[in-house]
Amino acid sequence: MQSRPRVVVAGSGIAGSLITSGLADRDDIDLICLERVGAHEHMDAGTGLNVGPNALKALAAVMPERAQTIIANSLPWERWTISLTDGRVLMDLPLDTVADNPGIRIRWAELYALLRQPIDSRIRFGAELKQCGRGEDGLFVTYTDRADGSENRIDGIDLLIGGDGRYSQVRDHFFGAEAPNFLGVCLYRVLFPAGDNCPIQDYGQWFNGSNRLLAFRVPGDFVYCAGSFPIGADGIIPDAMKQPASLRLAYMPADGKPSPQAAYLIDAIQRYSDRIHWARLQDGTVRYNGAPGVLAVGDSAHPMVPTLGQGATQAVEDACVVVDEIRWALDNGVGLDGVAARVEARRRERVQFVVDFSREATDTMLAGSDPVQGTLKKLQPAFQTRLTTLYRDVPVPRA
Ligand SMILES: Cc1cc2nc3c(=O)[nH]c(=O)nc-3n(C[C@H](O)[C@H](O)[C@H](O)COP(=O)(O)OP(=O)(O)OC[C@H]3O[C@@H](n4cnc5c(N)ncnc54)[C@H](O)[C@@H]3O)c2cc1C
């Protein structure tokens with residue numbers, strides 16, 4: 001019979017790695033983290049992301065050393081510009097007017113490596129969760145060890161944390177599978193070497209009608225570009241739209257004279273079209289809790305559209321609250337069975353706000369939208385106040 005509560009974290013992505021980090025020094029729990037990829041494989045290694053100022057602010061309060069390492073290995077996100085591909089600037093927002101600190105720009109591979117490196121020995125890599133459920137001995141999971149093909153089982157779990165991402169088995173099994181809500185927009189991503197005289201620096205967006213390019217520099221002298229265009233109600237991305245010539249046409253202004261930044265990006269997506277990762281904008285309902293001893297976090301708890309760069313950002317906020325709640329429960333001799341409900345109570349309202357705000361901010365990317373009017377609305381106090389709430393009102397640790 002085990003004497004210490006057993007905590008199993010499924011997935012060492014953003015949320016799972018940070019939760020494992022924040023609890024790694026606790027010898028009063030039996031902590032196990034299962035990750036399906038190998039130690040040196042990185043999911044989505046070919047892309048980049050911007051993480052919001054709110055993630056760094058929340059992380060600095062709960063795991064300051066993690067925040068420092070991430071900041072030291074990334075570029076600051078300090079400005080947000082929105083223009084048309086013909087060069088007309090619609091918005092130029094210094095983030096310090098709406099946030100207490102900068103966000104960051106980084107490559108996925110680098111972020112995953114930074115998050116996993118300090119807990120390398122705590123993660124069971126190549127361990128793919130196959131089943132989870134409730135048996136005679138409480139909660140259990142089974143997993144396949146990809147190194148030797150063996151099937152393994154862990155019983156007697158006191159807290160199972162589903163950090164296994166957007167297609168979470170933990171969420172599907174315990175809370176019920178749910179069809180995603182597609183927004184009718186294709187979003188693709190590509191990372192490429194910046195090259196000489198690269199005009200792309202901090203976070204910018206360039207519209208041609210509802211077709212949008214988003215780009216910024218990331219460390220290592222790379223540019224990350226995420227392009228989008230509306231698609232039909234069937235959610236299918238037409239093959240014709242994936243062709244380099246179609247992509248060029250989608251962003252070329254009517255007068256055929258793109259700004260230097262737009263021209264650079266249009267050339268790059270044509271040149272690197274074979275490296276593109278294709279996806280569709282989708283979101284779903286918020287759900288952390290719903291079965292005793294089971295907690296969903298990150299994309300598993302709240303699939304959202306990446307329009308405001310909040311998916312990974314909210315996974316960081318989640319991790320901060322989860323670590324805070326588990327530390328508090330252990331320090332006060334309180335069982336872990338109430339952790340999921342307490343996390344849900346602290347997170348639901350804020351995360352619902354972020355999911356809704358992200359969906360609404362997608363207005364300028366929908367078919368038939370007007371990016372000029374839509375961006376002017378983003379300059380108004382109503383939008384800026386919500387942005388301030390987003391970036392500043394982060395969860396604070398228990399006293
Ligand atoms: C096109 C696009 C652009 C985006 N851009 C941004 C951005 O700029 N900024 C931002 O903040 N967010 C962005 N996001 C969102 C971001 O990718 C996610 O919100 C974030 O990665 C969620 O973190 P997570 O910890 O919940 O899950 P993940 O980081 O997805 O981690 C899940 C982990 O679980 C593991 N796993 C899955 N299944 C199993 C299993 N069965 N067994 C064991 N392990 C398993 C996976 O290997 C992975 O390591 C973007 C998303 C998309 C699609």
Side-chain angles (χ1 to χ4, degrees), residues 8-20 32-39 41-56 74 77 103-109 111-113 115-116 123-132 141-146 152 161-173 180 185-191 203 205 214-216 218 224-228 276-284 288 296-319 322 351 354-355 358 390:
V8 171
V9 181
S12 75
I14 311 287
S17 294
L18 284 170
I19 291 169
T20 305
I32 300 165
C33 179
L34 304 174
E35 171 52 54
R36 75 172 163 205
V37 304
E41 284 174 61
H42 296 288
M43 306 264 297
D44 277 335
T47 61
L49 80 165
N50 57 309
V51 176
N54 43 318
L56 284 312
S74 56
W77 173 24
I104 57 156
R105 296 174 271 139
I106 192 164
R107 278 191 286 166
W108 267 115
L111 182 59
Y112 274 141
L115 293 175
R116 289 173 180 163
I123 303 172
R124 293 189 193 171
F125 284 105
E128 178 161 9
L129 184 142
K130 289 290 186 190
Q131 285 183 312
C132 48
V141 296
T142 67
Y143 67 92
T144 305
D145 184 334
R146 285 174 46 202
N152 303 273
I161 301 177
D164 49 344
R166 176 151 302 216
Y167 304 102
S168 167
Q169 284 192 47
V170 174
R171 175 175 166 135
D172 282 4
H173 180 85
V185 176
C186 166
L187 184 73
Y188 60 88
R189 313 172 256 173
V190 62
L191 186 81
Y203 181 93
Q205 299 174 346
L214 174 162
F216 49 84
V218 289
Y224 168 63
C225 175
S228 78
I276 287 178
H277 299 244
W278 298 94
R280 294 167 295 171
L281 288 191
Q282 53 181 291
D283 64 11
Y288 286 90
V297 291
D299 276 3
S300 164
H302 42 70
M304 69 178 75
V305 291
T307 310
L308 291 171
Q310 286 290 316
T313 305
Q314 290 302 316
V316 173
E317 284 195 13
D318 281 352
V322 172
V351 166
V354 180
V355 169
S358 298
L390 178 67

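Just so you know, residue 1 is the first one in the sequence shown, and it goes up from there. Order of appearance sets the numbers: ligands from 1, and atoms from 1 within every ligand.
- Proximity of A315 to ligand 1, defined as any heavy-atom pair under 4.0 Å, is confined to the side chain (atoms from C-beta onward).
- The closest donor-acceptor contact from the side chain of R116 to the backbone of S12 lies under 3.5 Å.
- Neither the backbone nor the side chain of Y167 has any atom closer than 4.0 Å to an atom of ligand 1 (non-hydrogen atoms only).
- Some N or O of L129 is nearer than 3.5 Å to an N or O of ligand 1, by distance alone.
- Shown in contact with G311 at under 4.0 Å from a heavy atom are these atoms of ligand 1, numbered in order with element: 10 (C), 11 (O), 12 (N), 15 (C), 18 (C), 19 (O).
- Which parts of ligand 1 touch G165 is read off a 4.0 Å heavy-atom cut-off, strictly below it: atoms 27 (O), 32 (C).
- Which parts of ligand 1 touch G13 is read off a 4.0 Å heavy-atom cut-off, strictly below it: atoms 25 (O), 29 (O), 31 (O), 33 (C), 49 (O).
- Looking at ligand 1, you won't find any N or O of E128 less than 3.5 Å from one of its N or O atoms.
- For the side-chain contact (heavy atoms from CB on, under 4.5 Å) test with I14, the passing option among V51, V297, L111 is L111; the others fail.
- Although no hydrogens or angles enter the test, the distance criterion places no donor-acceptor pair under 3.5 Å between the side chain of S74 and the main chain of I106.
- Residue contacts with ligand 1, taken as heavy atom pairs separated by less than 4.0 Å, involve R116 solely via side-chain atoms from C-beta onward.
- Side chain of S17 to backbone of L115: no donor-acceptor contact under 3.5 angstrom is found.
- For ligand 1, the polar-atom distance check against A312 finds a nitrogen or oxygen pair separated by under 3.5 Å.
- For a threshold of 3.5 Å applied to N or O pairs, the pair formed by S300 and ligand 1 contains no separation below that value.
- Under 3.5 Å, the side chains of S300 and R171 contain no donor-acceptor pair of N or O atoms.
- With a 4.0 Å heavy-atom cut-off, ligand 1 is reached by no atom of W77.
- Of the N or O atoms in G298, none lie within a sub-3.5 Å distance of an N or O in ligand 1.
- Taking R146 as the reference, E41 meet the salt bridge (Lys or Arg N to Asp or Glu O under 4.0 Å) condition, with sequence neighbours excluded.
- Taking CZ from F216 and CD1 from I104, the interatomic distance works out to 9.5 Å, rounded to the nearest 0.5 Å.
- Taking the side chain as every heavy atom from C-beta outward, P306 and L187 approach each other to under 4.5 Å.
- Using a 4.0 Å cut-off between heavy atoms, A127 contacts ligand 1 through its backbone alone, with no side-chain atom that close.
- If you number the atoms of ligand 1 from 1 as listed, the ones under 4.0 Å from a heavy atom of A15 come out as 25 (O).
- In terms of polar-atom proximity, defined here as any N/O pair under 3.5 Å, W108 makes no such contact with ligand 1.
- Taking every non-hydrogen atom of Q169 and a distance limit under 4.0 Å, the qualifying atoms of ligand 1 come out as 41 (N).
- Every atom of ligand 1 is numbered from 1 in the order shown, and the set under 4.0 Å from a heavy atom of Y112 is 28 (P), 29 (O), 30 (O), 31 (O).
- R189 has its side chain within reach of W108: a pair of non-hydrogen atoms, C-beta onward, lies under 4.5 Å apart.
- Taking each of V9, N50, L49 in turn, the one with a heavy atom nearest to atom 9 (N) of ligand 1 proves to be N50.
- Inclusion of R189 in the set of residues having an N or O under 3.5 Å from an N or O of ligand 1 is not warranted.
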Please step through side chain to side chain donor-acceptor pair (under 3.5 Å) for the pair D164 and Q169, ending with a clear verdict. CA-CA 7 Å; D164 49 344; Q169 284 192 47; 5.9 Å; no

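- For ligand 1 and G163, the ligand atoms under 4.0 Å from any heavy atom of the residue are 32 (C), 33 (C), 34 (O).
- By the side-chain contact (heavy atoms from CB on, under 4.5 Å) test, D299 is found to be paired with R166, residues two or more places apart in sequence or in another chain being considered.
- Counting only heavy atoms from C-beta outward, the side chains of R105 and Y224 never approach each other to under 4.5 Å.
- Residue contact check: T313 has heavy atoms under 4.0 Å from atoms 11 (O) of ligand 1.
- Side-chain contact check for Y288 versus V351: some heavy-atom pair is nearer than 4.5 Å.
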